[in-house]
There are 2 protein chains.
Amino acid sequence: MSKQGLELLGQETADACCEGLASAPLDDERAAALAKVFKALGDPVRLRLLSMIASRDGGEVCVCEMTPAFDLSQPTISHHLKLLRQAGLIDCERRGTWVYYWVLPGVLDHLAGFLTTPQAAGATE
Amino acid sequence: MSKQGLELLGQETADACCEGLASAPLDDERAAALAKVFKALGDPVRLRLLSMIASRDGGEVCVCEMTPAFDLSQPTISHHLKLLRQAGLIDCERRGTWVYYWVLPGVLDHLAGFLTTPQAAGATE
DNA sequence: AGGTTGCATCAACAAACATCAATACAAGCC
DNA sequence: GGCTTGTATTGATGTTTGTTGATGCAACCT
């Protein structure tokens, strides 16, 4: 189930959906929504967790594999994963004993599109 | 001084310089450097300030124009601008009485490239 | 059933952050 | 020189965040 979402939501990639940061001044509402996501990215542990999940072949990583990769307690890792989930960046599912996390498709590319400036969006290099 | 946060992002062009979030697990150092930048973006006021500057024709905005655009005190706006500057996102110059801010070129597109997943990067155009 | 393991939640604390009033600094004007 | 305006810095305060030990819950295994 988790692997198929990416192709099905393929039309949601970076461009065309909504205005970028540099195309017009942000209004309060959009700024607040976007700030939530960037705030979730604004911690080195969460960035590493997200990267660990996003770079994984198969797209899924077990918590049992992430927790020992940090010099932090298990509740702390669980807390950071929760924040990433609440930001809409990842989701998880329990399968038997273990819990697996994956990156929600399209969200990262969406953010990238938001940051891309009009000039760079048109230029290939 | 203030560009430290983005040193690890490099000055090279957006696409070929460094690995993206989804290409390999981030190491501590890069995660810490990137987290600083994302943390700077993780506040609605700073996002609006940055957008206000980035979307401006001519690329420069006077502080005297930004301060009244928010329901916040002048020191607070100045503080947020300082954080954006320390994150390596913007720079400023005093010209006579007024101070002008602009977005440092390439940084936003660099961040966008970092967030772009390999699949989407190939499918962009 | 009882015991063990994996993960989430709770309660509590220190550190970091957003905000403002007061103040300091810089540049123009009288 | 003194006065005014624009911006940055300081000091203080209430809030948020990162972290942990303790606890709770779910799924396995005898």
Side-chain angles (χ1 to χ4, degrees), chain A residues 2 26 28 31-50 52-53 56 60-102, chain B residues 1-2 4-5 26 28 31-50 52-53 56 60-87 89-102:
Chain A
S2 54
L26 275 173
D28 277 12
L34 284 160
K36 271 188 201 164
V37 185
F38 283 121
K39 190 179 296 185
L41 295 176
D43 180 278
V45 176
R46 289 195 290 271
L47 269 186
R48 286 183 58 200
L49 284 169
L50 187 64
M52 195 174 294
I53 302 171
R56 168 61 55 93
E60 292 184 351
V61 181
C62 177
V63 175
C64 63
E65 198 172 345
M66 294 190 267
T67 304
F70 294 83
D71 201 19
L72 292 169
S73 71
Q74 176 265 320
T76 300
I77 300 300
S78 187
H79 170 68
H80 284 304
L81 287 171
K82 183 181 185 179
L83 290 187
L84 285 172
R85 194 153 34 91
Q86 289 178 332
L89 290 165
I90 62 177
D91 202 358
C92 66
E93 183 187 24
R94 168 167 228 130
R95 276 204 288 280
T97 305
W98 293 281
V99 176
Y100 295 87
Y101 279 81
W102 61 86
Chain B
M1 53 164 198
S2 59
Q4 199 176 20
L26 275 173
D28 277 11
L34 284 159
K36 271 187 201 164
V37 185
F38 284 121
K39 190 178 296 185
L41 295 176
D43 180 279
V45 176
R46 289 195 291 271
L47 269 186
R48 286 182 58 198
L49 284 170
L50 186 63
M52 196 173 294
I53 303 172
R56 168 63 54 93
E60 291 183 352
V61 181
C62 177
V63 175
C64 62
E65 199 172 344
M66 294 189 268
T67 304
F70 294 83
D71 201 19
L72 292 169
S73 71
Q74 176 267 320
T76 299
I77 300 300
S78 186
H79 169 69
H80 285 303
L81 287 171
K82 183 180 185 178
L83 290 187
L84 286 173
R85 194 155 33 90
Q86 289 177 332
L89 289 165
I90 61 176
D91 203 357
C92 65
E93 184 187 21
R94 167 166 230 129
R95 277 203 289 280
T97 305
W98 294 281
V99 177
Y100 295 87
Y101 280 79
W102 60 87

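Every value quoted in this text rests on a predicted model; they were computed, and no experiment measured them. Every chain is numbered from 1 and lettered A, B, ... according to where its sequence line falls, protein lines coming before strand lines.
With rounding to whole Å, B:Lys36 atom NZ is found 13 Å from C:dA16 atom P. Remark: C1' of C:dC7 and CZ of A:Phe70 are 16 Å apart, rounded to the nearest angstrom. Residue A:Lys82 contributes atom NZ, which lies 16 Å from atom P of D:dT16 at whole-angstrom precision. The interatomic distance linking A:Leu72 (CG) with D:dG21 (P) rounds to 11 Å, in whole Å. Protein atom CG of A:Asp43 is 13 Å distant from nucleotide atom C1' of C:dA15, rounded to whole Å. For A:Asp71 and D:dG18, the CG to P distance is 17 Å, given to the nearest whole Å. Straight-line distance from the CG atom of A:Leu49 to the C1' atom of D:dG18: 13 Å, rounded to whole Å. In this structure, the NZ atom of A:Lys39 is 8 Å from the P atom of C:dA18, given to the nearest Å.
Distance from the side chain of A:Cys64 is smallest for C:dG6 among the nucleotides C:dT9, D:dT7, C:dG6. Out of C:dT19, C:dA8, D:dA8, the shortest distance to the side chain of A:Val63 is found at C:dA8.
Across all strands shown, B:Leu81 has no heavy atoms under 4.0 Å from either base or sugar-phosphate atoms. Residue B:Arg95 is out of contact with every strand shown, counting any heavy-atom pair closer than 4.0 Å. Using a 4.0 Å heavy-atom cutoff across all strands shown, A:Tyr101 reaches sugar-phosphate atoms only and no base atom. If you check every strand for non-hydrogen atoms under 4.0 Å, B:His79 touches a base. Among the atoms of the strands shown, only primed sugar atoms or phosphate atoms (P, OP1, OP2) are found under 4.0 Å from some heavy atom of A:Thr97. Contacts of B:Ile77 with the nucleic acid, taken as non-hydrogen atoms under 4.0 Å apart, are absent. Among the atoms of the strands shown, none is found under 4.0 Å from any heavy atom of B:Tyr100. If you check every strand for non-hydrogen atoms under 4.0 Å, A:Arg85 touches nothing.
Nearest-nucleotide positions on DNA chain C for B:His80 and B:Pro75 put B:His80 closer to the 5' end. Between A:Gln74 and A:Gly96, the residue anchored nearer the 5' end of DNA chain D, judged by the nucleotide with its closest heavy atom, is A:Gln74.
Across all non-hydrogen atoms, the minimal contact from B:Pro68 to B:Val63 is CD-O, 4.4 Å. Here the shortest heavy-atom pairing between A:Ala40 and A:Arg46 reads O-NE, 2.7 Å.
Neither OP1 nor OP2 of D:dA8 sits under 4.0 Å from any side-chain N or O of B:Arg94. Phosphate contact (OP1/OP2 of D:dT20, side-chain N/O of A:Ser73, threshold under 4.0 Å): present. In this structure, B:Ser78 does not reach the D:dT7 phosphate: none of its side-chain N or O atoms is under 4.0 Å from OP1 or OP2.
Taking the ring axis of B:Tyr101 as reference, the NZ or CZ atom of B:Arg85 does not stay both within 45° of it and closer than 6.0 Å to the ring centre.
Of the candidates B:Leu89, B:Ile77, B:Val61, B:Asp43, B:Leu49 forms a side chain to side chain contact (heavy atoms under 4.5 Å, CB included) with just one, namely B:Ile77.
In this structure, CH2 on A:Trp102 lies 4.5 Å from CD on A:Glu93, to the nearest 0.5 angstrom.
Side-chain contact between A:Leu83 and A:Gln86 is present, with at least one heavy-atom pair separated by less than 4.5 Å.
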